[in-house]
Amino acid sequence: MSPDGAGSVPPALTVRELRWSDFDAIRETYLRLYDERESNPEIGIHLFAVRPTYADEVAWFANLYRSVLSGEAVVSVGVRDGVVVGHCTVRRLEPGPDSETAHNGVLGIVVDAPHRGTGVGRAILADALRQCEGRFEVVRLSVFATNRRARQLYEEFGFVYVGTMPRMVHRGDRYIDEELMVKTIGPPNR
Ligand SMILES: CC(C)(COP(=O)(O)OP(=O)(O)OC[C@H]1O[C@@H](n2cnc3c(N)ncnc32)[C@H](O)[C@@H]1OP(=O)(O)O)[C@@H](O)C(=O)NCCC(=O)NCCS
């Protein structure tokens, strides 16, 4: 975790880097979004039409973990009372020595529903952005146009709105626009 990461978080919440043993908790958080989608079609995360298989999830997590080890991704994990309650990832867009876009990171964040609104998102976002310094020059994210509170949070961290992707998500019988936001971090140390 970044040295100053613990100072701004509520008691009993710690923020740390990803561990291999986080797989089950992160998978369960993700799968609960599928249940949540039933009652809240505006849940602001891209999901598949049907839940991924266990094998799909293992492959996804292994890829993420490998990316962290190779420096192609940063992950900040929120832990409260020993339980993983949220994670924020920033993954390199098109890694590789020949890539002209490798200085861009793409951010995703999710907090387990019972812990939302308690400071977890703010803490893991802050930590992930600190980890991005020297690694990415620009961080981008997309947020459902209906997710006003999330957009407000990103604006507080210096993300600026750069455009709307109309009908980006087709969920059930409706389309949802997505807004693209970016934050310039600075040049990497290389
Ligand atoms: C968006 C999300 C990551 C924010 O994390 P969080 O832990 O709820 O946020 P925090 O408790 O740190 O609150 C920080 C700010 O986030 C904003 N916020 C966004 N969504 C919120 C929510 N559902 N509940 C509470 N605050 C929310 C508020 O502006 C809040 O500011 P405030 O403290 O001045 O009210 C979280 O609500 C979540 O996982 N939502 C579902 C998935 C999602 O929408 N992910 C974002 C994809 S772009």
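This one's a predicted model, so the numbers in the text were calculated from it and none came from an experiment. Order of appearance sets the numbers: ligands from 1, and atoms from 1 within every ligand.
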Between Thr53 and Asp56, do the side chains contain an N or O donor and an N or O acceptor separated by less than 3.5 Å?
yes

When only distance counts, is Ile43 in polar contact with ligand 1, meaning an N/O pair under 3.5 Å?
no

Which residue holds the protein heavy atom closest to atom 37 (O) of ligand 1, what is that atom called, and what is the gap in Å?
Arg116 CD, 3.2 Å

Within reach of ligand 1, part of Leu141 (heavy-atom separation under 4.0 Å):
neither

Pair Ser76, Glu17 - check side-chain hydrogen bond (donor to acceptor under 3.5 Å, both in side chains), show working.
CA-CA 5 Å; Ser76 294; Glu17 294 178 1; over 6 Å; no

Would you say Ser142 touches ligand 1, if touching means a heavy atom closer than 4.0 Å?
yes

State whether Lys183 and Glu155 are salt-bridged, where the test is any N-O pair (Lys NZ or Arg NE/NH1/NH2 against Asp/Glu carboxylate O) under 4.0 Å.
no

Charged N to carboxylate O below 4.0 Å: is that the case for Glu156 and Arg122?
yes

Counting from 1 in the order shown, the ligand 1 atoms closer than 4.0 Å to a non-hydrogen atom of Asn147 are 44 (O)

Is the shortest distance from a Lys or Arg side-chain nitrogen in Arg171 or Glu38 to a carboxylate oxygen in the other one below 4.0 Å?
no

Should Tyr154 be listed as contacting ligand 1, given a heavy-atom distance under 4.0 Å as the test?
yes

Pair Asp22 + Arg16, salt bridge at N-O below 4.0 Å
yes

Can you list the other members of the hydrophobic cluster that holds Tyr34, where links are side-chain heavy atoms under 4.5 angstrom apart?
Tyr30, Leu31, Leu33, Ile43, Ile45, Leu47, Phe48, Val110

Measuring from Phe23:CZ to Leu18:CG, what's the distance to the nearest 0.5 Å?
11.5 Å

Considering distance alone, does some N or O of Ile45 sit under 3.5 Å from an N or O of ligand 1?
no

By ring pair (Phe, Tyr, Trp, His ring centres under 6.0 Å), Tyr65 pairs with (sequence neighbours left out) Trp20

Option with minimal heavy-atom separation from atom 14 (C) of ligand 1, where the choices are Glu36, Glu42, Arg122, His87
Arg122

In terms of atom number and element, which parts of ligand 1 are under 4.0 angstrom from non-hydrogen atoms of Thr118?
11 (O)

Looking only at heavy atoms, what is the nearest atom pair of Cys132 and Ile185, with distance?
CB-CD1, 4.2 Å

Starting from atom 2 (C) of ligand 1, what is the nearest protein heavy atom, named by residue and atom, and what distance separates them?
Val111 CG2, 4.6 Å

In the protein, which heavy atom is nearest to atom 4 (C) of ligand 1, and how far is it?
Leu153 CD2, 4.1 Å

Counting heavy atoms only, which of Arg149, Arg148, Met181, His115 is nearest atom 21 (C) of ligand 1?
Arg149

Of all the non-hydrogen atoms in the protein, which one sits nearest to atom 47 (C) of ligand 1, and at what distance?
Gly44 O, 3.2 Å

Phe136 side, atom CZ; Leu93 side, atom CG - distance, nearest 0.5 Å
9.5 Å

Residue and atom name of the nearest protein heavy atom (relative to atom 5 (O) of ligand 1), distance in Å to one decimal
Gly121 CA, 3.4 Å

Would you say ligand 1 has an N or O under 3.5 Å from any N or O of Ile109?
yes

To the nearest 0.1 Å, how far is atom 1 (C) of ligand 1 from its closest protein heavy atom, and which atom is that?
Ala150 CB, 4.0 Å

Under 4.0 Å to a heavy atom of Gly119 - the qualifying atoms of ligand 1, by number:
10 (P), 11 (O), 12 (O)

Please list the nearest protein heavy atom to atom 8 (O) of ligand 1 with its residue and the distance rounded to 0.1 Å.
Gly117 N, 2.9 Å

Kindly indicate, with the supporting measurements, whether the criterion side-chain hydrogen bond (donor to acceptor under 3.5 Å, both in side chains) is fulfilled by Arg91 and Asn104.
CA-CA 8 Å; Arg91 306 182 76 159; Asn104 291 273; over 6 Å; no

Output the list of atoms in ligand 1 that are nearer than 4.0 Å to some heavy atom of Gln152, sorted by atom number.
29 (O)

